[in-house]
There are 2 protein chains.
Amino acid sequence: MERDQQPGGRPGRRPTLADVAAASGVSRALASIVMRGAEGAGEATRERVLETARQLGYRPDSRARLLRSSRTRLLGITFTVSEPFHGEIVESIYAAAEAAGFEVLLSAVGAQRPEARAVETLLDAGVEAALMISPSSGPADLAALARQVPVISLLSAAVPGIDAVRSDDAAGIRAAVQHLAALGHRDIAHVDGGDAVASAERRAAYEESMREAGIGECIRILHGGAHEADGIAAAGELLAGRRPTAVVAFNDRCALGILEAAWRTGLRVPDDLSVVGYDDSQLARLDHVRLTSVSQDAAGLAEAAVACAAARIRSEEPDGLVLQPALVVRSTTGTPPD
Amino acid sequence: MERDQQPGGRPGRRPTLADVAAASGVSRALASIVMRGAEGAGEATRERVLETARQLGYRPDSRARLLRSSRTRLLGITFTVSEPFHGEIVESIYAAAEAAGFEVLLSAVGAQRPEARAVETLLDAGVEAALMISPSSGPADLAALARQVPVISLLSAAVPGIDAVRSDDAAGIRAAVQHLAALGHRDIAHVDGGDAVASAERRAAYEESMREAGIGECIRILHGGAHEADGIAAAGELLAGRRPTAVVAFNDRCALGILEAAWRTGLRVPDDLSVVGYDDSQLARLDHVRLTSVSQDAAGLAEAAVACAAARIRSEEPDGLVLQPALVVRSTTGTPPD
DNA sequence: CCGATGTACTAGATCGATCTAGAACCGCAG
DNA sequence: CTGCGGTTCTAGATCGATCTAGTACATCGG
């Protein structure tokens, strides 16, 4: 496979701004002005330069640009490849960042690639702020990092010294419980997130809203986790004895486990059992699942996070860090059996 | 949140190599030599420079480094955030790339962000090669791209002019059919991938291996797709009439749909129905699924892709572009019912 | 004591862009 | 013709690193 030979340029190299300038008979500075769309170039020259740039197939070298202008306008993101909901947020961040004039640099976290390493890559690339989705590092590490660059954590509880953009988990759980109670459910169980980050808060919110709904005596909490298998395991216990009529799960994946266990046992959802998830992830929206779920509003979180980063970069205090979640009712909740 | 003031450096800016050099009383060039671990520095000075670098919290600026050295050693990757299997490959690529001395630059493709745009970001950053996981661009676009930088596609059928690293789909399907035939199955159906990329090839391989196994008269192909809902839909048709004893699905997500439909209908897997997937994704490995699946060997594909990219960068011809898949037998296949 | 060899180190150019300061040129009022 | 404000354009410095060429200074053989 042969690379293009640039006509008039050095063979095999991609054309530079200097090539464009030379080819159109202007200085590098003016060519730069034209390419940036800045003012200070005549209309005729502007078009001529743009035309030759197009002909040469010129692409500005982002490394060189970023190097010179102290503002890199780069936002770094760490996310976990195996978490579907992270993917959704990443996609929303792209949109929000572009709208705000930022470029996005992704760095994946995985079994082979610890978060610390992912973050280092971002720092080396010169990001102006780091958005970390469900950061797993300890408060001390995060604080150390925050001393080098503004850090915004998403989907995690607040850590002193770094901004956390998240949704109001208590409100989300309350909406779920109220929805079920309004449908007539009383035996509403909760499968918690085990030792996952937001688990304790959601558990507490569940207890409180059960009492608010006047069914505090029906509180029943099962140990769960963030993944399908946890939901299945909890469901085994849940469906064995006296069965509740509804379950609020820690998140969608956990809820999916409960659903599958129910299906396998021959239970009909929602006729025999109502299930509510949390995240409103793609998983919940799949045609065959149609899970009622608390929407974390990936787009909203992403926008808030980008806005927060932008504020920090301008050395301002950010606000609007807690978003209100909304319950999305689909096909896994209904009135309880008689 | 205050950023660190660099002792002796300009306030608020991260320290540069010049700062390190000045602070340890050597020239920038020598400091560079030490930081790169190149030879040509005395032992004593080397330690002194490293020490001051550590104290200043110096981090080399990758943009500047890459700008100067014509070799950027950057591999660009496009992947789809919502595809779990892509995530697995991405993670493996990180490992393979680092082992080969490359850095990795991710660019996500999604509903809001077309592949063309994702690729442009990579080019602007100066990647030496682009690895595209399941590229969606047409042959013409890919060819145009390949004229600017070596392009390696993963998981896609070969396109003239660009390298495709993939596994031998025919062999994978054959392994699945042979496994089922060996267990005693004759009524083995295939739910295909609809218009997904590798669908036609896998469908043909299914037909051929059925004939090879002497059960050509049992060939039965249902229209499916790459997602759970497609599996569910196909299963509706499949389980309604004369039921096969085994199904080979286009991929794991499709197989999962079939599994769920089976569970919901009260069928036991594998007692009443055996199911085989394709990809050996995390999905297949989940505790509650334990899906027998054809392993595409994400790590192997990643290594081959990186090796291929490295070869192209050295202007050599790559080889080993087709990997042999392996069947991973789990809990969804067994002997047929009497 | 001189020149050769080698190690430790430095000055300055360079990568490809941006940015600053100032030059060239225009038309127009005085 | 001169001076002035405004636009268009250019030369050269700059960002933070690498790389080349070459300078000091030791050591060593003759």
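Throughout, protein chains are lettered first and strands after them, A, B, ... in sequence-line order, and every chain is numbered starting at 1.
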Atom-pair distance ([atom1] on [X]; [atom2] on [N]), nearest Å:
X        : N      : atom1 : atom2 : answer
A:Arg63  : D:dG16 : CZ    : P     : 17 Å
A:Arg65  : D:dT14 : CZ    : C1'   : 17 Å
B:Asp61  : D:dT18 : CG    : P     : 10 Å
B:Leu67  : C:dC15 : CG    : P     : 9 Å
A:Glu47  : D:dT8  : CD    : C1'   : 16 Å
A:Leu17  : C:dA17 : CG    : P     : 5 Å
B:Glu128 : C:dC15 : CD    : P     : 17 Å
A:Arg68  : D:dT14 : CZ    : C1'   : 4 Å

Partners passing salt bridge (charged side-chain N to carboxylate O under 4.0 Å, His left out) against B:Glu128 (at least two apart in sequence or in another chain):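 With sequence neighbours excluded, B:Glu128 shows a salt bridge (charged side-chain N to carboxylate O under 4.0 Å, His left out) to B:Arg71, given in chain and number order.
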Which residues pass the salt bridge (charged side-chain N to carboxylate O under 4.0 Å, His left out) test with B:Arg73, sequence neighbours left out?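 B:Arg73: no salt bridge (charged side-chain N to carboxylate O under 4.0 Å, His left out) contacts found.
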Qualifying residues under side chain to side chain donor-acceptor pair (under 3.5 Å), relative to [X], sequence neighbours excluded:
X        : result
A:Ser107 : A:Arg113
B:Arg46  : none
B:Arg68  : none

Are the side chains of A:Leu321 and A:Asp163 in touch, meaning some heavy atoms are under 4.5 Å apart?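 SC-SC contact between A:Leu321 and A:Asp163 confirmed.
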Under-3.5 Å donor-acceptor pair between A:Arg28 side chain and C:dT18 base: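 Present.
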Is any side-chain N or O of A:Arg36 closer than 4.0 Å to OP1 or OP2 of C:dC19?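 It does, given that an N or O in the side chain of A:Arg36 lies less than 4.0 Å from OP1 or OP2 of C:dC19.
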Is the phosphate of C:dT18 approached by A:Ser32 (side-chain N or O, under 4.0 Å from OP1 or OP2)?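 For A:Ser32, the contact criterion (side-chain N or O under 4.0 Å from OP1 or OP2 of C:dT18) is met.
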Overall bend - the helix from C:dC1-D:dG30 to C:dG30-D:dC1, comparing terminal axes fitted on five pairs, nearest 10 degrees: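 Terminal axis comparison yields 80°.
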Under the side-chain contact (heavy atoms from CB on, under 4.5 Å) test, which residues partner B:Pro84, sequence neighbours left out?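 In terms of side-chain contact (heavy atoms from CB on, under 4.5 Å), with neighbours along the sequence ignored, B:Pro84 is linked to B:Arg253.
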B:Ser69: side-chain contact (heavy atoms from CB on, under 4.5 Å) partners, not counting sequence neighbours: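 Listed in chain order: B:Arg65.
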Base-contact (B) and sugar-phosphate-only (S) positions in nucleotides 4-9 of chain C, heavy-atom cut-off under 4.0 Å, - elsewhere: ----SB
Given A:Ser24, which of A:Thr45, A:Leu56, A:Thr52 fulfils the side-chain contact (heavy atoms from CB on, under 4.5 Å) condition?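 With A:Ser24 as partner, side-chain contact (heavy atoms from CB on, under 4.5 Å) holds for just one option, A:Thr52.
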Over all strands shown, is A:Arg59 touching base, sugar-phosphate only, or nothing at heavy-atom distances under 4.0 angstrom?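 The residue A:Arg59 makes sugar-phosphate contact but no base contact.
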